[in-house]
Chemist: 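Have a look at this one before I ask anything.
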Amino acid sequence: MNRVQPLAIALLLLTAGRAMAEPGNAARGERMYRACVACHSLEPNRNMTGPSLAEIWNRTAGSLPSFPRYSPALKSAGIVWTDDTLDEWIKDPQHFIPGNTMTFPGMKDARQRADLLAYLKDVTRPGHAPKAAQGGGQMGGMMMGGGGAPNLKKLDPQDRVQSINHCGDTYKVTTADGKVRDFWERNLRFKTDVSDDGPQKRAPALVGAGMMGDRADVIFAGPEEISGFIANAC
């Protein structure tokens with residue numbers, strides 16, 4: 001057998017091993033983070049569907065005091081988040097911690113994971129969180145939807161709900177700019193946000209929830225407001 005061939009193979013394997021060992025690229029990782037931004041904030045204790053990722057390195061899984069929705073599987077895992085454990089978690093959450101409730105299917109590409117972790121390791125350090133994009137100022141107000149959770153304290157007139165009437169199978173939502181929007185009752189959802197980013201009392205927000213403009217959320221300052229805000233009137 002030609003001795004050159006095994007040597008070439010060995011060099012290829014060595015090159016591949018070095019490529020795998022190269023550190024991730026944080027600039028590329030910022031783009032990868034777009035898959036996470038709908039559920040996770042980088043600001044300390046600003047929790048969304050999932051917990052804040054601020055200062056996640058060396059934190060025990062399921063231990064952030066301000067987040068109350070951890071699954072029993074995650075809380076009992078006894079895992080500390082490090083480069084290696086976060087890589088395995090992002091690769092396949094259900095395989096790494098069976099029974100957890102995160103819906104993310106995983107990121108199978110090792111280079112993408114390395115890039116994402118390089119970005120997260122930088123921006124989750126204390127004082128390094130980038131400025132979060134806030135709602136408002138978008139084309140068509142917040143009815144366009146998309147992006148992370150907006151701040152609802154200061155609403156444009158087209159986003160501030162004045163009244164909601166239920167007529168047949170339709171909700172008629174009147175906003176502060178005087179316009180009335182009709183929604184099929186299954187396409188309008190009522191939610192609450194008691195956080196610092198939630199709406200003012202008695203000033204619920206109308207936030208788009210669909211690409212076609214036919215679905216929306218009305219977000220109240222607290223659950224006690226919902227029933228009193230909706231009238232049966234045609």
Side-chain angles (χ1 to χ4, degrees), residues 12-126 128-133 145-150 189 191 193 195 197 207-212 215 217:
L12 285 172
L13 291 173
L14 180 61
T15 302
R18 284 175 177 171
M20 292 293 290
E22 288 179 2
N25 182 289
R28 291 196 304 258
E30 184 175 7
R31 295 192 291 272
M32 294 296 103
Y33 177 67
R34 293 172 187 169
C36 316
V37 72
C39 296
H40 294 280
S41 169
L42 298 174
E43 299 175 45
N45 294 313
R46 185 171 187 260
N47 302 309
M48 300 166 66
T49 300
S52 165
L53 300 181
E55 301 180 42
I56 190 172
W57 258 258
N58 299 315
R59 189 166 79 204
T60 301
S63 68
L64 184 64
S66 63
F67 186 75
R69 297 183 294 279
Y70 287 115
S71 63
L74 200 64
K75 288 193 290 187
S76 63
I79 288 171
V80 175
W81 295 126
T82 64
D83 291 357
D84 292 336
T85 56
L86 283 167
D87 182 65
E88 289 298 318
W89 170 253
I90 295 170
K91 179 181 178 181
D92 190 339
Q94 282 300 326
H95 182 265
F96 189 55
I97 303 179
N100 79 83
T101 55
M102 190 166 83
T103 57
F104 180 61
M107 187 178 289
K108 309 308 179 188
D109 187 283
R111 168 56 59 210
Q112 291 181 341
R113 294 198 308 275
D115 291 342
L116 175 60
L117 289 173
Y119 172 69
L120 288 176
K121 194 166 190 179
D122 178 43
V123 298
T124 59
R125 290 181 295 157
H128 282 71
K131 292 182 179 179
R189 295 186 294 180
K191 300 181 177 182
D193 186 346
S195 75
D197 290 331
V207 181
M211 296 298 293
M212 302 303 293
R215 302 168 190 266
D217 300 330

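Side chains included, hydrogens not; waters and symmetry mates left out as well; all remaining heavy atoms used.
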Chemist: Please round to the nearest 0.5 Å and tell me the distance separating atom CE of M48 and atom CG of L53.
Modeler: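 The CE atom of M48 sits 10.0 Å away from the CG atom of L53.
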Chemist: Would a distance-only check, ignoring hydrogens and angles, find a side-chain to backbone donor-acceptor pair under 3.5 Å from E43 to A54?
Modeler: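 No, because the side chain of E43 does not come within donor-acceptor range (under 3.5 Å) of the backbone of A54.
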Chemist: Determine the interplanar angle of the F96 and W89 rings, folded into 0 to 90°, and report it as parallel if under 30°, tilted if 30 to 60°, perpendicular if over 60°.
Modeler: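 Ring orientation of F96 relative to W89: perpendicular.
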Chemist: Where do A73 and P98 come nearest, in terms of heavy atoms and distance?
Modeler: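 Shortest heavy-atom separation between A73 and P98 comes out as CB-O, 3.5 Å.
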Chemist: Identify the heavy atoms of M107 and L116 that sit nearest to each other, and give their distance.
Modeler: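 Closest pair (atom of M107, atom of L116, distance): CE-CD2, 4.0 Å.
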Chemist: Check whether any side-chain heavy atom of V207 lies under 4.5 Å from a side-chain heavy atom of K191, and answer yes or no.
Modeler: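 They are not in side-chain contact.
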Chemist: Starting at OH of Y119, measure out to CD of E30 and round the result to the nearest 0.5 Å.
Modeler: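 The CD atom of E30 is 4.5 Å from OH of Y119, to the nearest 0.5 Å.
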Chemist: About how many Å separate CG of N25 and CZ of R31, when rounded to the nearest 0.5 Å?
Modeler: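 Answer for the CZ-CG pair, R31 versus N25, is 7.5 Å.
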Chemist: May I ask you to test the T49-T103 pair for a side-chain heavy-atom distance under 4.5 Å?
Modeler: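 No, their side chains stay 4.5 Å or more apart.
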Chemist: Please report the interatomic distance CG(L117) to CD(Q112), rounded to the nearest 0.5 Å.
Modeler: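 Answer rounded to 0.5 Å: 12.0 Å.
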Chemist: With a 4.5 Å limit on heavy-atom distance, are the side chains of L120 and L86 in contact?
Modeler: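 Contact flag for L120/L86 side chains = no.
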Chemist: Does a side-chain heavy-atom distance below 4.5 Å link L74 with I79?
Modeler: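 SC-SC contact between L74 and I79 ruled out.
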Chemist: What is the minimum heavy-atom distance between P93 and G106, and which atoms define it?
Modeler: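 In this case the closest contact between P93 and G106 is CD-CA, 3.8 Å.
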Chemist: Nearest 0.5 Å, what's the CG-CD1 distance between D109 and I90?
Modeler: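 With rounding to 0.5 Å, CG (D109) is 12.5 Å from CD1 (I90).
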Chemist: Quick one: CD1 on I56 to OG1 on T82, what's the gap to the nearest 0.5 Å?
Modeler: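 Taking CD1 in I56 and OG1 in T82, the distance rounds to 10.5 Å.
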Chemist: Does any part of the side chain of N45, heavy atoms only, come nearer than 4.5 Å to the side chain of S52, both counted from C-beta?
Modeler: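 Side chain of S52 against side chain of N45, heavy atoms only: no contact under 4.5 Å found.
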Chemist: Is there any salt bridge (Lys or Arg N to Asp or Glu O under 4.0 Å) pair reaching into residues 73-85, and which pairs are they, with sequence neighbours excluded?
Modeler: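 Those involving residues 73-85 are D83-K121.
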Chemist: Going by salt bridge (Lys or Arg N to Asp or Glu O under 4.0 Å), name the residues that satisfy it together with R28, two or more places apart in sequence or in a different chain.
Modeler: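 Partners of R28 by the salt bridge (Lys or Arg N to Asp or Glu O under 4.0 Å) criterion, ordered by chain and then number, come out as D115.
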Chemist: Return yes when atom CZ of R125 has more than 12 non-hydrogen atoms of other residues, nucleotides or ligands closer than 6.0 Å, and no otherwise.
Modeler: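 Correct, the count exceeds 12.
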Chemist: Applying salt bridge (Lys or Arg N to Asp or Glu O under 4.0 Å), which residue pairs with at least one partner in residues 86-97 are found, sequence neighbours left out?
Modeler: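 Salt bridge (Lys or Arg N to Asp or Glu O under 4.0 Å) check on residues 86-97 returns D87-R113, D92-K108.
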Chemist: For E55 and P126, which heavy atoms make the closest approach, and how far apart are they?
Modeler: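 Closest pair (atom of E55, atom of P126, distance): CD-CG, 3.7 Å.
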Chemist: Of the non-hydrogen atoms in I97 and A77, which two are nearest, and what is the gap between them?
Modeler: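 Answer, listing the atom of I97 first, then A77: CD1-CB, 4.0 Å.
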Chemist: For a quick test of reading the model, state the closest non-hydrogen atom pair linking P51 to H40 and the distance between them.
Modeler: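 Closest heavy-atom pair between P51 and H40: O-ND1, 2.8 Å.
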